[in-house]
Amino acid sequence: KNIMAAAQTGTGKTGSFVLPIIELLQNQAKPYRKNVHALVLTPTRELADQIHQNISQLSSSMKTKSITLYGGVSKNPQDDRLAKGVDIAVACPGRLLDHIRESTIDLSGVDILVLDEADTMCDMGFLPDIREIIKHLPKNRQTLFFAATMPKDIRNLAKDILNDPTEVQIGIIAPAKTVSH
């Protein structure tokens, strides 16, 4: 089922998508090493690193392979790692588009797309990039859409890419008291 979720920053949204992805990968009869199985799009490299760290910690006893893809660092190590195969890619839109254009990533096997902090990605001007990336994904996939706020642009994007989503809203839409800025 597709999901559109709104929840405060700091409420555990990452765990809500990482744990099921890892469980699904663990229960697969064959590894997805040739293709990326799950793609997580995020607006910043800091968040990409944080999500990747969660994936690594939660899958430490498994053979799950993941990668972060973002700019500001050399692309060559990313190319080498992708060539060996990964299950989960956590990417910022700009660098992912670089890999798509250079055919260093195969997204034809993506079963799960996660848009994390979709509202921030739109605020940062990534909406055209997201739409371009989606053109390279299989139509038959599960899409999980997470945001702290749901302005009109975000709802329109969700409407365009989600088929009959289940909507979840946790609490008021503001940072949790446990988060300091």
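Side-chain atoms are counted along with the backbone in the values below, which use heavy atoms only and exclude waters and symmetry mates.
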Checklist entry - For Leu41 and Met121, which heavy atoms make the closest approach, and how far apart are they? => result O-CE, 3.5 Å
Next on the checklist: Please list all pairs meeting ring-ring contact (aromatic ring centres under 6.0 Å, His included) that have one or both residues in residues 52-101, counting only residues at least two apart or in different chains.
Outcome noted: none
Item to check | Non-neighbouring partners of Phe126 that pass ring pair (Phe, Tyr, Trp, His ring centres under 6.0 Å), sequence neighbours left out | outcome: none
Checklist entry - How many angstroms lie between CG in Leu39 and CD1 in Ile105, if you round to the nearest 0.5 Å? => result 6.5 Å
Next on the checklist: side chain to side chain contact (heavy atoms under 4.5 Å, CB included), that's the test. Do Ile88 and Leu25 meet it? Break it down for me.
Outcome noted: CA-CA 9 Å; Ile88 305 169; Leu25 287 170; 3.7 Å; yes
Next on the checklist: How long is the straight-line distance from OG of Ser59 back to CD1 of Ile21, given to the nearest 0.5 Å?
Outcome noted: 11.0 Å
Item to check | For the student: nearest non-hydrogen atoms of Thr68 and Ala48, plus distance | outcome: CG2-O, 3.6 Å
Item to check | Residue pairs, two or more places apart or on separate chains, that pass salt bridge (Lys or Arg N to Asp or Glu O under 4.0 Å) and touch residues 135-150 | outcome: Glu132-Lys135
Checklist entry - With sequence neighbours excluded, what pairs up with Asn140 under the side-chain contact (heavy atoms from CB on, under 4.5 Å) test? => result none
Next on the checklist: Walk me through whether Thr143 and Ile134 qualify under side chain to side chain contact (heavy atoms under 4.5 Å, CB included).
Outcome noted: CA-CA 10 Å; Thr143 302; Ile134 288 171; over 6 Å; no
Item to check | Partner residues of Asp119 under the side-chain hydrogen bond (donor to acceptor under 3.5 Å, both in side chains) criterion, sequence neighbours left out | outcome: Thr149
Checklist entry - Which pairs count as salt bridge (Lys or Arg N to Asp or Glu O under 4.0 Å) when at least one residue sits in residues 91-104, sequence neighbours excluded? => result Lys75-Glu102, Arg95-Asp98, Asp98-Arg101
Checklist entry - Who passes side-chain contact (heavy atoms from CB on, under 4.5 Å) against Leu47, sequence neighbours left out? => result Thr42, Pro43, Thr44, Gln50, Ile51, Asp116, Glu117
Checklist entry - Closest approach of Ser66 and Ile55, non-hydrogen atoms and distance? => result OG-CG2, 3.7 Å
Checklist entry - Once you round to the nearest 0.5 Å, how far does OG1 of Thr64 lie from CG of Asp87? => result 5.5 Å
Checklist entry - Which distance, rounded to the nearest 0.5 Å, do you find between the OG1 of Thr14 and the CG of Leu19? => result 10.0 Å
Item to check | Contacts of type side-chain contact (heavy atoms from CB on, under 4.5 Å), residue Leu24, not counting sequence neighbours | outcome: Gln28, His37, Ile112
Checklist entry - Please walk me through it: do Ile133 and Leu113 pass side chain to side chain contact (heavy atoms under 4.5 Å, CB included)? => result CA-CA 11 Å; Ile133 291 165; Leu113 168 64; 5.7 Å; no
Checklist entry - Mind checking what makes ring pair (Phe, Tyr, Trp, His ring centres under 6.0 Å) contact with Phe17, not counting sequence neighbours? => result Phe146
Next on the checklist: Rounded at 0.5 Å granularity, tell me how far OG1 in Thr120 sits from CG in Leu115.
Outcome noted: 12.0 Å
Next on the checklist: Between Gln142 and Lys1 (side chain of the first, backbone of the second, donor and acceptor by atom type, cut-off under 3.5 Å), is there such a pair?
Outcome noted: yes
Item to check | Gap between atom OG of Ser103 and atom CG of Leu82 - 0.5 Å precision | outcome: 12.0 Å
Next on the checklist: Quick check on the hydrophobic clustering: are Leu97 and Val73 connected, directly or via other members, by side-chain heavy-atom contacts under 4.5 Å?
Outcome noted: no
Checklist entry - Taking only residues two or more places apart in sequence or in another chain, which ones pass side-chain contact (heavy atoms from CB on, under 4.5 Å) with Ser74? => result Asn76, Pro77
